[in-house]
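To keep things clear, I will list the structure first and then write my remarks on it.
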Amino acid sequence: MSDQRHVVVVRKAEHADVDSLVACSRALFAEDAGTRDPSINVDWPREHGPQRFTAGIDDPDRLLLVADRDGEVVGHLTGVVAEGTAMKPVRVASLVSMYVQPSYRREQIGGRLIGEFTAWAKEKGAQAAEVTAYSSNTEAIRFYERNGFASKSVTLDIAL
């Protein structure tokens, strides 16, 4: 077993990365929403991901990052920034999705992705950043808290 650490570069996604973004998104849906929320369409990444990611790469208000190891995408982050509203007049950056392959976790890749996201959000004039996580995903919640996020609200639901 080698002690050599993986060399992973965090960079903005390119059009050539769309298939890899879809693969990461499919893995995220299978691991997270697919096990926690029966109302989620777990086929969304396959059905809509290519078009959504392709459009997002060229959208100045969206951020698509990949964690790249020698041409292999081992993780991703997507984010969006939105103008404030009359009720909440604050420009907010939302971390929409993030995934790192299990074998690459604990290598600070997630923290690097969040660092790039928050730097981008500040450049875009965001005054706050937010992320959502399933309440049962305690590992993700702890990760986000370690990276500066704090709980602000709780969403409760009931199946009808």
Side-chain angles (χ1 to χ4, degrees), residues 6 8-82 92-118 120-121 124 126 128-160:
H6 303 288
V8 177
V9 174
V10 172
R11 62 172 174 78
K12 286 191 175 181
E14 303 167 353
H15 287 281
D17 297 316
V18 168
D19 289 343
S20 296
L21 286 164
V22 170
C24 275
S25 187
R26 289 181 76 182
L28 173 62
F29 273 56
E31 180 180 323
D32 195 26
T35 63
R36 293 182 169 88
D37 188 348
S39 71
I40 294 294
N41 174 9
V42 294
D43 290 327
W44 183 94
R46 181 182 53 77
E47 295 169 354
H48 304 282
Q51 178 183 6
R52 184 80 170 163
F53 292 129
T54 297
I57 288 170
D58 296 322
D59 184 339
D61 290 329
R62 290 183 61 200
L63 176 67
L64 281 75
L65 297 173
V66 294
D68 179 321
R69 179 178 182 239
D70 298 327
E72 175 191 5
V73 173
V74 299
H76 84 282
L77 179 146
T78 65
V80 64
V81 66
V92 176
S94 297
L95 193 163
V96 177
S97 70
M98 188 173 88
Y99 181 78
V100 175
Q101 291 178 6
S103 61
Y104 288 86
R105 294 177 187 166
R106 310 274 187 258
E107 293 188 24
Q108 311 306 313
I109 296 168
R112 290 170 50 205
L113 287 164
I114 287 181
E116 291 292 325
F117 166 73
T118 56
W120 171 82
K124 289 295 194 176
E130 63 186 15
V131 63
T132 61
Y134 289 103
S135 59
S136 63
N137 192 344
T138 56
E139 187 174 324
I141 292 168
R142 281 193 304 270
F143 168 79
Y144 290 125
E145 288 173 342
R146 282 193 313 270
N147 283 277
F149 291 88
S151 295
K152 180 175 75 174
S153 64
V154 175
T155 302
L156 305 169
D157 75 356
I158 184 170
L160 300 177

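Only heavy atoms go into these numbers, but all of them, side chains included; no hydrogens, no water, no symmetry mates. Positions are given from 1 along the sequence. Keep in mind that this is a model prediction, so the values were computed, not measured.
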| field | Worked verdict on L113 versus V100 for side chain to side chain contact (heavy atoms under 4.5 Å, CB included) | value | CA-CA 10 Å; L113 287 164; V100 175; 4.0 Å; yes
Do you know the tightest heavy-atom contact between [X] and [Y]?
| X | Y | answer |
| --- | --- | --- |
| A33 | Y134 | CB-OH, 3.5 Å |
| K124 | D61 | NZ-OD1, 4.3 Å |
| E130 | S94 | OE2-OG, 2.9 Å |
| S97 | H76 | OG-NE2, 3.0 Å |
| C24 | V73 | SG-CG1, 4.0 Å |
| I109 | A67 | CG2-CB, 3.6 Å |

Sub-4.5 Å side-chain heavy-atom contact between [X] and [Y]:
| X | Y | value |
| --- | --- | --- |
| V66 | L64 | no |
| N147 | T118 | no |
| L63 | K12 | yes |
| N41 | E47 | yes |
| R69 | Y104 | yes |
| R36 | S135 | no |

Is the number of heavy atoms from other residues, nucleotides or ligands within 6.0 Å of [atom1] ([X]) greater than 12?
| X | atom1 | value |
| --- | --- | --- |
| D37 | CG | yes |
| R52 | CZ | no |
| R112 | CZ | yes |

Would you give the length of the straight line joining atom [atom1] of [X] to atom [atom2] of [Y], rounded to the nearest 0.5 angstrom?
| X | Y | atom1 | atom2 | answer |
| --- | --- | --- | --- | --- |
| D17 | F53 | CG | CZ | 11.0 Å |
| E116 | R11 | CD | CZ | 12.5 Å |
| E139 | R105 | CD | CZ | 6.5 Å |
| L21 | L28 | CG | CG | 12.0 Å |
| T35 | N137 | OG1 | CG | 8.0 Å |
| W120 | L65 | CH2 | CG | 9.0 Å |

| query | Hey, mind stepping through R62 and V96 against side chain to side chain contact (heavy atoms under 4.5 Å, CB included) and telling me if it holds? | reply | CA-CA 10 Å; R62 290 183 61 200; V96 177; over 6 Å; no
| query | Between F29 and W44, what is the ring plane arrangement, given parallel below 30°, perpendicular above 60°, and tilted in between? | reply | parallel
| Can you list the steps and then say if F143 with I114 is a side chain to side chain contact (heavy atoms under 4.5 Å, CB included)? | CA-CA 10 Å; F143 168 79; I114 287 181; 3.4 Å; yes
